[in-house]
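Worksheet: the structure to be examined is printed underneath.
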Amino acid sequence: MTLKKSLLGGACLGIQPLLLNALSVPAMAYIIRGLGATAYGQWTMATALTVTIGLLANLGLRGVFVRHVAAHPENASAALAEQLGVRLTLAVLSALLLRGVCAALRYPPVVIGCALISAAAMIATTSSTTLIDLLQALHRSPTVAIVNLVAGL
């Protein structure tokens, strides 16, 4: 890989999150203003629970997958199938656990509904991050940055 290509990929991956963070500030202000204090607190609680339990959908598998595909690109399709199967199974189990935690803590239906919507988003995100990990392992950094930017917008 050339130095120019490496620098371009690094720049794309570095600038993309900064741009999304800059765009998210006014979006978050709009959400807070539109929901009000109580509804925003309920939405935040559901999101926090989802993020906490969502750690179970990863379990450190991303790094191992990227290293494996980078070392053995000829086995990328088989590794992708295995990774998607394992991570999606973990994501669905995490979503079920999230529902159970919400019920056990006796959260109101609106929090449970927000948590289930967040859980569905977590499952979709698990799929997309697995595919992005594949692109990253195959040294397609500009493509990864563009996909992340479009998804974030």
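For the single chain, residues carry numbers from 1 onward in sequence order.
Side-chain contact between Leu138 and Leu134 is present, with heavy atoms from C-beta onward closer than 4.5 Å.
Leu55 and Val51 are not part of a single hydrophobic cluster, where members link through side-chain heavy atoms under 4.5 Å apart. A continuous path of Ile, Leu, Val, Met, Phe, Trp and Tyr side chains, each step under 4.5 Å between heavy atoms, connects Leu84 with Phe65, placing both in one hydrophobic cluster. No path of Ile, Leu, Val, Met, Phe, Trp and Tyr side chains, each step under 4.5 Å between heavy atoms, connects Ile132 with Leu88, placing them in separate hydrophobic clusters.
Here CG of Leu131 is found 6.0 Å from CG of Leu80. Values are rounded to the nearest 0.5 Å.
Counting all heavy atoms, side chain and backbone alike, Thr52 lies closest to Ala48 at OG1-O, 2.8 Å. Residues His68 and Asn75 share a closest heavy-atom pair of NE2-CB, 4.4 Å.
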Would you mind writing out the side-chain donor-acceptor pairs for residues 90-119 within the sub-3.5 Å range, not counting sequence neighbours?
unit_1 : atom_1 : unit_2 : atom_2 : d
Ser94  : OG     : Leu90  : O      : 2.8
Ser118 : OG     : Cys114 : O      : 3.0

Which atom pairs, donor and acceptor, lie under 3.5 Å between side-chain atoms of residues 120-129 and protein residues at least two apart or in another chain?
unit_1 : atom_1 : unit_2 : atom_2 : d
Thr125 : OG1    : Ala121 : O      : 2.8
Thr126 : OG1    : Met122 : O      : 2.8
Ser127 : OG     : Ile123 : O      : 3.4
Ser128 : OG     : Thr125 : O      : 3.0
Thr129 : OG1    : Arg87  : NH2    : 3.4
Thr129 : OG1    : Thr125 : O      : 3.0
Thr129 : OG1    : Thr126 : O      : 3.1

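Under the 4.5 angstrom side-chain criterion for Ile, Leu, Val, Met, Phe, Trp and Tyr, the cluster partners of Trp43 are Met28, Ile31, Ile32, Leu35, Tyr40.
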